[in-house]
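This report refers to the structure that appears directly beneath it.
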Amino acid sequence: MSIIYFLIGCSLLLAICFLTAFFWAQRTGQNEDLHTPSMRILLDDEDEGDDEK
Amino acid sequence: MILSATIEKTLCYHCGDECLTKDNTVEDKHFCCHGCKSVYQILSANKLCSYYNYNQHPGATQARIDKRFDYLNEPSIVSELIDYTDERVTIVTFYIPHIHCSSCLWLLEQLNKINPAVHYCRVDFLKKQLNIRFEHKKLSLQQLVELLYDIGYEPLISLQDIIKKQNAATKDNLVSKIAVAGFCFGNVMLLSFPEYFGITSFEHSFKYFFGILNILICIPVVFYSGWGYFVSAWQNLRNKILNIDFPLALGIAVLFIRSATEVFTRTGAGFADTLCGLVFFLLVGKFVQKKTYHHISFERDYRSFFPVAVQILEDEVEKPIPLSQLQIHHRMVIRHNEIIPADAILLKGDALIDFSFVTGESVPVSKTLGEIIYAGGRQTGEAIEMEVVKPVSQSYLTQLWNNEAFTRKQDNRMQTFNEKVSKYFTIVLLLIAFTSLIFWLPTDYKRGFAAFTAVMIVACPCALALSTPFTMSAALSIFDKNFFYLKNTAAVEQLARIKTIVLDKTGTITTDDNNDIELEATLTDEQKQLVYSACINSIHPLCRMIYHYLGCKERLPVTDYSEIPGKGISATIGKHQLRIGSAKWVFDNREETASSTRVHIMIDGIYLGYFAFEHHYREGMEKISALEPSLNLHLLSGDQDHELKELLPFFKDATRMHFNQSPQAKLDFIQSLQNNDDKVMMIGDGLNDSGALKQSDLGVAITDNVNNFSPGSDAILDGRSFDKLPAFLRFSKDTVKIIHFSFLISLTYNLIGLSYAVTGNLSPLIAAILMPVSTVTIISFTSIATHLAAKKRKLL
């Protein structure tokens with residue numbers, strides 16, 4: 001059962017990785033504007049061909 | 001009849017306003033004005049016409065033509081506005097009130113197609129902000145703003161950039177704290193389960209390991225996530241206030257110390273999961289309470305209304321200076337549609353000042369040379385020259401902000417229920433804790449300390465601390481859905497205690513264009529066309545209403561047009577002579593006697609009749625006057641008492657109506673009511689109400705467009721929801737009742753817990769169950785009850 005020490009260590013490490021990922025997202029402002037991207041995705045991309053006609 | 005009239009209407013392709021002339025037409029698309037047409041032409045020249053495909057009529061009306069951004073060349077102003085600059089690029093963030101649909105988003109992010117010097121632009125839709133990075137050598141800030149203006153998105157540049165400041169202030173790391181607490185809560189729970197489910201004797205070494213791990217995980221919860229509670233409790237103690245943070249901090253500390261001792265002395269499993277859960281739920285409650293409206297600002301003062309810079313004449317040369325440098329004896333030049341920023345003497349030009357900003361009165365007032373014009377008026381018509389007599393901050397209007405109502409700290413106007421209760425709660429809690437300690441101490445000191453700490457743990461007012469934020473935030477979102485925006489959760493409780501409502505008149509219970517216009521004359525179609533053609537030349541609001549009333553007509557060429565401010569217009573169209581205006585103007589000698597405003601028409605010397613303008617009150621006024629006698633109603637107006645008779649039915653008593661009130665008098669009136677122990681709600685809209693709004697217990701600014709400027713207040717009410725005000729008041733009372741009831745529920749849980757705790761037999765399992773269960777009960781009870789109450793008041 002000593003494997004449990006290792007497993008708990010692994011699980012904690014993994015969870016801390018996720019926590020750091022969240023912190024990173026928070027610090028770089030990725031959670032600041034959650035509304036605009038949802039609208040932006042609905043707008044069509046203007047391709048060059050469309051531009052020239 | 002009505003149906004056919006609506007079909008005939010042509011709507012502007014750009015902004016959707018009704019087209020009153022047929023002059024502005026491009027490729028069978030109609031535009032209401034030249035401005036809208038030119039926006040379309042710019043967009044079509046740059047192949048950006050998809051703008052019109054995403055939404056119908058996405059533009060803002062361009063009828064106003066005042067393109068003056070010279071002041072953006074002034075380095076001192078520019079440096080105030082921009083976020084960042086280096087040799088090559090500049091980054092700037094603009095607040096653009098018109099951002100409202102996906103077309104706006106699309107167009108504003110295509111700016112570099114119009115001008116390649118723009119490198120990057122990103123819209124933040126909810127905040128209505130545009131972040132632009134551009135090469136300032138190729139494109140100056142002024143040119144950039146002009147470009148935005150040309151495509152119909154004029155950024156709002158004001159001295160007091162509140163929106164930016166507000167967003168900066170909310171940047172604490174609450175979310176990070178919640179993340180840490182949640183992370184620890186989850187892990188500690190997992191590690192605590194084996195203990196609760198029973199650990200066989202040969203696995204006993206794990207028990208110690210889990211315990212140590214739990215304590216380690218708790219450290220960031222206590223010293224990072226929960227640290228704010230210790231700081232706040234300590235600060236309040238030093239100010240001799242017992243608020244809810246004190247028992248909370250005590251609970252956290254006791255939980256941590258006891259868990260650590262139990263684990264290290266191997267006497268028990270500790271309460272690590274209760275501790276993490278407590279901090280996590282508390283922080284979530286805090287988060288919920290912090291509702292922010294990104295696009296609404298409650299802290300505006302006159303500086304947001306005034307321009308950033310003003311043109312002054314120095315040695316006969318015009319130059320822009322920042323408003324802060326404006327001094328007495330400066331000669332300023334005010335053009336059409338510009339706001340006069342300081343009290344000044346009129347030196348040159350015809351002044352026709354629209355004081356709607358200050359008084360809400362929409363009819364412009366004409367001023368003669370040498371007269372002092374108060375700050376806050378907007379010039380309509382030609383450019384005027386004025387000499388400043390008082391600095392900006394000392395003028396008639398702005399000195400209101402020097403009143404103590406504006407310097408006083410806001411928070412302690414009314415104690416919330418939570419604050420009141422938590423004081424007694426803390427005292428009782430400490431009493432019980434010490435009694436149980438003293439009771440057990442002589443017989444069994446271990447049990448005594450166990451009981452003492454258990455009381456602290458179990459009575460920790462987690463549910464109590466959560467009931468207010470969750471109820472209030474549910475209530476706020478219900479108000480929000482009904483277009484009533486409250487500044488914070490405490491405002492709901494203030495709303496529930498209101499005893500007296502004071503209403504401003506112009507703009508609050510009357511609206512700008514809700515005047516009923518009636519034609520008391522029989523005009524032929526040709527005569528109507530003549531009147532229309534004459535009136536369309538004028539910018540006077542009554543003329544505007546007349547030509548709107550007459551609808552879209554062919555515009556005839558006008559010769560010999562003259563307009564005398566405050567009187568009327570005369571015009572020659574073809575062979576016809578027209579005189580339109582007041583009785584004095586049309587008949588030369590007679591004074592106006594009628595109660596309503598009238599505009600008389602005379603064509604070729606024959607009097608034909610008049611247009612009558614009836615004042616029209618905001619919908620729902622009857623409902624508000626029905627609130628009497630449970631509430632007192634007062635009217636506080638800066639106007640003359642013309643409408644006394646019409647308003648009497650709403651206010652019952654003429655002594656309840658106060659006319660001719662200066663901004664300072666309004667503030668003083670509120671204060672006198674408050675001195676009689678009245679809780680006063682002030683509803684107003686203009687800058688002249690600012691003092692009264694600030695002084696009142698709950699200042700509500702009413703506006704027909706929440707993105708427009710409204711004076712600083714506790715709440716902003718959209719004009720559409722004015723009739724719901726009585727329902728809002730009742731609902732806020734319900735909300736307070738819900739808080740009281742949820743307080744009872746949380747007390748019950750505390751009592752159950754205490755019955756275990758005082759005996760010293762609190763097991764970690766019971767604490768671990770009791771805490772989340774009580775929290776969940778409170779959260780679900782408050783949200784369901786608030787929802788039901790809103791349904792009952794027909795707010796959902």
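The sequence lines fix the lettering, A, B, ..., with proteins before strands; numbering per chain opens at 1.
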Quiz item: Which atoms of A:I4 come close to chain B, meaning under 4.5 Å heavy atom to heavy atom: side chain ones, backbone ones, both, or neither?
Solution: side chain
Quiz item: Measuring heavy-atom distances to chain A, does B:L190 have an atom under 4.5 Å in its side chain, in its backbone, in both, or in neither?
Solution: neither
Quiz item: Can you find a side-chain donor-acceptor pair between B:Y95 and B:D124 that sits under 3.5 Å?
Solution: no
Practice problem: Please state whether the side chain, the backbone, both or neither of A:R27 comes within less than 4.5 Å of a heavy atom of chain B. | Solution: neither
Quiz item: Can you find a heavy atom in the side chain of B:S176 that is under 4.5 Å from one in the side chain of A:F23?
Solution: yes
Quiz prompt | Centroid separation B:Y40 to B:H14 less than 6.0 Å | solution = no
Quiz item: Would you call the rings of B:H98 and B:Y153 parallel, tilted or perpendicular if under 30° counts as parallel and over 60° as perpendicular?
Solution: tilted
Quiz item: What part of B:C184 is in contact with chain A, defined as an atom under 4.5 angstrom from a non-hydrogen atom: side chain, backbone, both or neither?
Solution: neither
Quiz item: Side chain, backbone, both or neither: which part of B:N187 has a heavy atom under 4.5 Å from chain A?
Solution: side chain
Quiz item: Between B:D480 and B:S477, is any side-chain donor less than 3.5 angstrom from a side-chain acceptor?
Solution: no
